[in-house]
Amino acid sequence: MATILSSSALSEAVSLLRNADAVLFDFNGTLSLDEEILERSYVAALTALGLPAMGPGEYAGLMGRSELDICQALLAAREGSAGRDELLDLLTASYLENCREHSPVPESHRRLVERLVDRGTVCAVVTGTIRPMVEPVLARTGLIPVLGCVVTIEDIEHGKPDPEGFLLARRLLDLSEEAACVVVEDSSSGIEAASRAGMSSIVVNPGLPGASVAVPSLSALSQAWIDQ
């Protein structure tokens, strides 16, 4: 039964992509399978500042928020004089070093973006991560030239679940309000932001409710797109 439901969901997701004018991908945990790398990088950054490491479940409770908000929350929960920018700089250095050792963007994810663009569907990244962390990873995968735009937390006033990032991407792509934009996400805040923007959504975390359709993974969706 689970296999049948998964197959049905993938077919529905493929149909959404086929009819989309634009596909807006979240980055961390969606296009880039880097949540473990991020958690290790936060631990390294906190340790470098002489601050306590994260407790059990602390990072999981912050996932889906912007990097700026996560840093602020971590510092607020710890005594010390370190500032948010100092933590961000150390986080970025550790994250990029880890990503150089192993690309967190699977080949199947890159292939899906390229195939969508090849058929005339514009693609973009909308993320709560900072630009210095996102763009080097995208550049190494060769995706920068094929993306219509990359919206990061520096470009907006309010992160997800506010829809500002998705609405800005639509404007940057020169699309009308009537354009069919499909959001691909992994978090409840991203799903809410898509809904508030009036956009359909595909979630790659089947345990999360609220999306137009939930699929087992982005790799599974990529294979379903190839097999259509």
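Fair warning: this is a prediction, and the values are worked out from it, not measured in the lab. FYI, the numbering just counts along the sequence from 1.
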Can you tell me if Asp21 uses its side chain to pair, donor with acceptor, with the backbone of Ala180 under 3.5 Å?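 Checking the backbone N and O of Ala180 against the side chain of Asp21, a donor-acceptor pair under 3.5 Å is found.
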Trace of the side-chain contact (heavy atoms from CB on, under 4.5 Å) decision for Leu51 with Leu75: CA-CA 9 Å; Leu51 297 174; Leu75 291 173; 3.7 Å; yes
Would a 4.5 Å heavy-atom cut-off, applied to side chains only, mark Val134 and Val150 as touching?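 SC-SC contact between Val134 and Val150 confirmed.
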Shortest non-hydrogen contact between Ala53 and Val43, atoms and distance: CB-CG1, 4.3 Å
Tell me which pairs pass ring pair (Phe, Tyr, Trp, His ring centres under 6.0 Å) where either residue lies in residues 107-138, with sequence neighbours left out. none
Does Arg18 pair with Glu12 as a salt bridge, N-O distance under 4.0 Å? no
Determine, stepwise, if the pair Arg78 / Glu58 fulfils salt bridge (Lys or Arg N to Asp or Glu O under 4.0 Å). CA-CA 12 Å; Arg78 291 159 174 79; Glu58 186 175 5; 2.8 Å; yes
Rounded distance (nearest 0.5 Å) linking atom CD of Gln228 with atom CZ of Arg115: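 Answer rounded to 0.5 Å: 9.5 Å.
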Heavy atoms of other groups near Glu107 CD, more than 12 under 6.0 Å: yes
Quick one: do Phe25 and Val126 end up in the same hydrophobic cluster if we chain Ile, Leu, Val, Met, Phe, Trp and Tyr together by side-chain heavy atoms under 4.5 Å apart?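 In one cluster: yes.
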Ile130: which of Thr152, Leu68, Leu91 passes side chain to side chain contact (heavy atoms under 4.5 Å, CB included):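 Among Thr152, Leu68, Leu91, the one meeting side chain to side chain contact (heavy atoms under 4.5 Å, CB included) with Ile130 is Leu68.
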Within the 4.5 Å heavy-atom criterion, are Phe27 and Leu138 side-chain neighbours or not? yes
Residues forming a salt bridge (charged side-chain N to carboxylate O under 4.0 Å, His left out) with Asp89, sequence neighbours excluded: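 Not a single residue meets the salt bridge (charged side-chain N to carboxylate O under 4.0 Å, His left out) criterion with Asp89.
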Leu221 and Leu17: side-chain contact (heavy atoms from CB on, under 4.5 Å), yes or no, with the steps? CA-CA 10 Å; Leu221 179 55; Leu17 294 181; 3.9 Å; yes
Check: Ile191 main-chain N/O paired with Ser195 side-chain donor or acceptor under 3.5 Å: no
Just by distance, do the side chain of Glu192 and the backbone of Ser189 share a donor-acceptor pair under 3.5 Å?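 Between the backbone of Ser189 and the side chain of Glu192 there is no qualifying donor-acceptor contact (under 3.5 Å).
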Should Ile153 and Leu38 be regarded as members of a common hydrophobic cluster, given that ILVMFWY residues are connected when their side-chain heavy atoms come within less than 4.5 Å of each other, either directly or indirectly? yes
Heavy-atom closest pair, residues Ala211 and Val203: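 For Ala211 versus Val203, the nearest heavy atoms are CB-CG1, 3.6 Å.
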Would you check if Cys123 and Glu114 make a side-chain contact, meaning some heavy-atom pair closer than 4.5 Å?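 Not touching, per the 4.5 Å side-chain cut-off.
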State, with a plain yes or no, whether a side-chain heavy atom of Arg119 is found less than 4.5 Å away from one of Trp225. yes
Gap separating the CD1 atom of Ile37 from the OG atom of Ser32, nearest 0.5 angstrom: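 Spacing of CD1 (Ile37) from OG (Ser32) equals 6.5 Å.
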Is it the case that the side chains of Glu185 and Ser201 hold a donor-acceptor pair, with the cut-off being a distance below 3.5 Å and no angle test? no
In one Ile/Leu/Val/Met/Phe/Trp/Tyr side-chain cluster, 4.5 Å: Leu116, Leu172: yes
Check the pair Lys160, Phe166 against side-chain contact (heavy atoms from CB on, under 4.5 Å), reporting the backbone distance first and the verdict last. CA-CA 9 Å; Lys160 304 167 188 175; Phe166 292 132; 3.9 Å; yes
Could you give the distance from CE (Met54) to CD1 (Ile70), rounded to the nearest 0.5 Å?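 Taking CE in Met54 and CD1 in Ile70, the distance rounds to 8.5 Å.
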Got Leu31 and Asp26 here, is their nearest side-chain heavy-atom distance under 4.5 Å? no
For Asp162 and Gly159, indicate whether the former's side chain and the latter's backbone hold a donor-acceptor pair under 3.5 Å.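 Here the side-chain-to-backbone pair does not exist.
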Assess the side chains of Ser222 and Ser108: does a donor N or O sit below 3.5 Å from an acceptor N or O? no
Rounded to the nearest 0.5 Å, what's the gap from OG1 on Thr30 to CG on Leu33? Could you check?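 Separation between the atoms: 8.5 Å.
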Where the side chain of Glu154 meets the backbone of Arg131, is there a donor-acceptor pair that is under 3.5 Å apart?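 Present.
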Evaluate the side-chain hydrogen bond (donor to acceptor under 3.5 Å, both in side chains) criterion for residues Tyr95 and Glu67: first the C-alpha distance (whole Å), next the side-chain angles of each, then the deciding distance (0.1 Å), finally the verdict. CA-CA 12 Å; Tyr95 175 78; Glu67 240 59 68; over 6 Å; no
Carefully, step by step, assess Val146 and Val113 under the rule side-chain contact (heavy atoms from CB on, under 4.5 Å). CA-CA 8 Å; Val146 304; Val113 175; 4.1 Å; yes
In Å and rounded to the nearest 0.5 Å, what is the CZ to CG distance from Arg171 to Leu168?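 Rounded to the nearest 0.5 Å, the CZ-CG separation comes to 5.0 Å.
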Between Gln223 and Leu112, is any pair of side-chain heavy atoms under 4.5 Å apart?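 No - every pair of side-chain heavy atoms lies 4.5 Å or more apart.
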Within the distance-only criterion (no hydrogens, no angle test), does the side chain of Arg196 pair as donor or acceptor with the backbone N or O of Pro161 below 3.5 angstrom?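 Flag set: sc Arg196 to bb Pro161 pair under 3.5 Å.
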Hey, is the main chain of Ser11 close enough, under 3.5 Å, to the side chain of Ser15 for a donor-acceptor pair? no
Does atom CG (Asp227) have a neighbourhood of more than 12 heavy atoms from anything else shown, all under 6.0 Å? yes
Flag side-chain contact, heavy atom, 4.5 Å: Cys181 against Leu175: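 Result yes, sub-4.5 Å side-chain heavy-atom pair found.
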Please tell me whether Thr127 and Thr129 have a donor and an acceptor in their side chains that are separated by less than 3.5 angstrom. yes
From OG (Ser187) to CG (Leu208), nearest 0.5 Å: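 Answer for the OG-CG pair, Ser187 versus Leu208, is 7.5 Å.
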Transitive ILVMFWY side-chain link Met199 to Val215, under 4.5 Å: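 Hydrophobic grouping puts Met199 with Val215.
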With a 4.5 Å limit on heavy-atom distance, are the side chains of Leu10 and Ser8 in contact?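 When only atoms from C-beta onward are counted, Ser8 and Leu10 do not touch, as no gap falls below 4.5 Å.
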Between the side chains of Asp34 and Asn28, does any donor sit under 3.5 Å from an acceptor? yes
State yes or no: do Val125 and Leu96 share one hydrophobic cluster built from I, L, V, M, F, W and Y residues joined by side-chain heavy-atom distances below 4.5 Å, directly or via other members?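 As far as the 4.5 Å side-chain criterion goes, Leu96 and Val125 are connected within one cluster.
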Where the side chain of Asn98 meets the backbone of Ser94, is there a donor-acceptor pair that is under 3.5 Å apart?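 Checking the backbone N and O of Ser94 against the side chain of Asn98, a donor-acceptor pair under 3.5 Å is found.
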Can you name the nearest heavy-atom pair linking Leu16 to Ser212, along with the distance?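 Looks like CD1-CB, 4.1 Å.
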